[in-house]
Q: 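Before we start, here is the structure in question, set down as structure tokens.
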Amino acid sequence: METIIFYVFAATSVIGSLVLVSHKNPVASALSLVLTLFSTAVLFILLLAHFIALIQVLVYAGAIMVLFLFTVMFLNLRDESLRFDAVKVPVKLGILSLLLLISGYFIFIGFKKIPPLNTMVISHPEPFGTVEGVGEVLFSDYLLPFELTSVLIVVAILGVVVIAKRRFD
Amino acid sequence: MDSIEALRSTLLIGPELALILTGLIVMVIDALIKGKAKTELFWIALLGLAVSFVLNLERFHQVSSAFAGALSLDEFAAYFNIIFIVGAFLAIVLSKDYIAKMDLRANEYYALLLFSTSGMMILSSAKEFMSLFLGFEIMSISVYILSGFNRRSTRSSEAGIKYLVLGGFASAILLYGIALIYGASGTIFLDEIAKRFDINNPLYLAGTALILVAFIFKIGAFPLHQWVPDIYEGAPMAVTGFMSVGVKAAAFAILLRVLFEGFSQLETSWTQVLWIVSVFTMTIGNLAALTQISIKRMLAYSSIAHAGYILVGVVAAYGEKKLGLSSVLYYLFSYTFMNLGAFGVLTYLSMKGRECETLDDISGLWVKKPLTAVALGIFMLSLAGVPPTIGFFAKYRVFLSGVRAEFYWLVVIGILNSVLSAYYYLRVLVYAYMREEKVEFPSFKPISAVALTILTIGTIILGIFPFYSWDLALKAVDSFLLALQAR
């Protein structure tokens, strides 16, 4: 059962990302990104990483996608500006797939050398990856990173104020 | 970690907290005061930095670790913190008149500079990848915004966007590397990673390589140096000065800590990589600097070249741990004075709404403003490495450690490069001292003048009497190496 679900959603995520890069209409691209993100979220659930799956759907498929669509609509793109040079596409694709093949070969060799998971020293506490598990370590062991995130957000907000404030006041 | 440990740790990170709190205070006061009563919170920002500096000195007496080992508050970090705080302090003092000239929003500027410095300080003491990454991002994002701070200038906005996009890539690569290391070892603490490190597992190799790539981007070394000239040229002058000393020093701090504490088993491999990177960084930086007409762009290429010289020290640490590492620390310390000084003079000479940038903008400086010309001369000679300035002693130590560690070819290439670099530094002086005046120079500004005086005196006095700063570097490296051996 798990294997079937894995293959189905892995396939949809790959299809989604292919449509994303190949489609001419940016709105369609953005929507296919939702498909990819959603399928990846399912894969996270299969890995028992519930928290990441939830965040993936809420933040990426939800909030970030709305932002994407808004930006696309703000830009108000016309058809002509979306058409790209069709002549060079096969050449680019050829170079790209050649590079992918070469790096894929090395990655394949590398993967063979990785020792099987059970021999590697990984010990996870029981609720690892669930909302409960993440919450527990977030407010105890990783208190500092949690607090630092708030500083990072303050910096980001300050940046937005600096950039978006009326130009000359 | 229980609540007592959390409280104890919070009290220990006083220097970082002082900066974050000052940044918040500056933000809040700026938002509360409305209309004409709006003042610049210049002195509050400086006070925060001074408090942080004093609290940081405490770490030279008492080494500790906080948040269950996430931060190592040792002398190594304290030395780097001095570089960041001094750099930020002088950058703020230099910026005050510049902000008025360019009509920028002062308080946000100060707050961002303070946050950025706090990020660097967290970075220099981070021993755990999550805090490390957050420190990295706090520093970087503040600097991205500062680069694009002058919104009237299209070049400044361009620099901000470019830095954001390229820096985002570097952060992503860093994260990918961290993820691979975590996947292989199951931990994000550097000590534990070093214990579990397994050379035969390719995940470690790939992770180390990706993390190294991100750091090479941040220090602006070959082959990821192309962003440096564009962004240094576009960013406001005072910000460029701060970036070139602060961000570079922070990137080197974390490079040393991660490589030596976490990935020391691969030392031979990454030393070889850094050898090649160092040679190309020096050579390409210097060759490109030769042809520049804009002093700002020339200084950007020169900062690439200096990253190459500093990498000689990192490579030399392969054979000569103590001397190599302390020469890196000392170089970054002295670079803060001379490079901030060089950018400081250009900041000082900028006119209302127009930066002092090309060689023509400084021609005839000697006749009109002799003291500024002398300061510029000292900074340029120091950057070129002429004795008795601080730049000479820094270069001497880096190359000496290279010779001791028997990297003769690297040192020869380094010395040839610094001879080459004298040409473009001295050309600035030719324009300043021997040419006719072409543009007007701004009137005397006391606050900027004080900062330039401090930098000039520092460049000379610390050059002739480098003892205290050099001893401090040795002490810092000692504690760093002791901690490495002890585990």
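Just so we're clear, the structure is a prediction, and the values are computed from it rather than from any experiment.
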Q: Does B:Ile4 CD1 have over 12 foreign heavy atoms under 6.0 Å away?
A: no

Q: Taking CZ in B:Phe197 as the centre, count heavy atoms belonging to other residues, nucleotides or ligands within less than 6.0 Å. Is the count above 12?
A: yes

Q: Quick one: pull up CG in A:Asp141 and CD in B:Glu128 and give me the separation to the nearest 0.5 Å.
A: 9.5 Å

Q: Could you report the tightest heavy-atom contact between A:Pro145 and B:Leu134, atom names first, then the distance?
A: O-CD1, 3.1 Å

Q: Report the option among B:Thr10, B:Asp198, B:Leu112 that has the most heavy-atom pairs separated by less than 4.5 Å from atoms of chain A.
A: B:Leu112

Q: With side-chain contact (heavy atoms from CB on, under 4.5 Å) as the criterion, how do A:Val154 and B:Leu24 come out once you've worked through the C-alpha distance, each side chain's angles and the decisive distance to 0.1 Å?
A: CA-CA 9 Å; A:Val154 167; B:Leu24 289 174; 4.0 Å; yes

Q: Tell me, side chain or backbone of B:Phe136 under 4.5 Å from chain A's heavy atoms, or both, or neither?
A: neither

Q: More than 12 foreign heavy atoms under 6.0 Å from CZ of B:Phe189: is that the case here?
A: yes

Q: Verify the neighbour count for atom CG of A:Leu18: are there more than 12 heavy atoms of other residues, nucleotides or ligands below 6.0 Å?
A: yes

Q: More than 12 heavy atoms of other residues, nucleotides or ligands under 6.0 Å from CG of B:Leu11: yes or no?
A: yes

Q: By a 4.5 Å heavy-atom criterion (distance strictly below it), what part of B:Glu16 contacts chain A: side chain, backbone, both, or neither?
A: neither

Q: Between B:Leu146 and chain A, with a heavy-atom cut-off of 4.5 Å, which part of the residue counts as in contact: side chain, backbone, both or neither?
A: neither

Q: For the OG1 atom of A:Thr149 and the CD1 atom of B:Ile138, what is their distance to the nearest 0.5 Å?
A: 8.0 Å

Q: Below 4.5 Å from any heavy atom of chain A, which atoms of B:Leu132 appear? Answer side chain, backbone, both or neither.
A: neither

Q: Check B:Ala111 against A:Leu158 and note the closest heavy-atom contact, atom names and distance.
A: CB-CD2, 3.8 Å

Q: List the atom of A:Leu144, the atom of B:Ala70, and the distance in Å for their closest heavy-atom pair.
A: CD2-CB, 4.3 Å

Q: Looking at CE of B:Met130 and CG of A:Leu148, how far apart are the two atoms once the value is rounded to the nearest 0.5 Å?
A: 10.5 Å

Q: What's the shortest heavy-atom distance between B:Ser142 and A:Val155, and which atoms?
A: OG-CG1, 3.5 Å

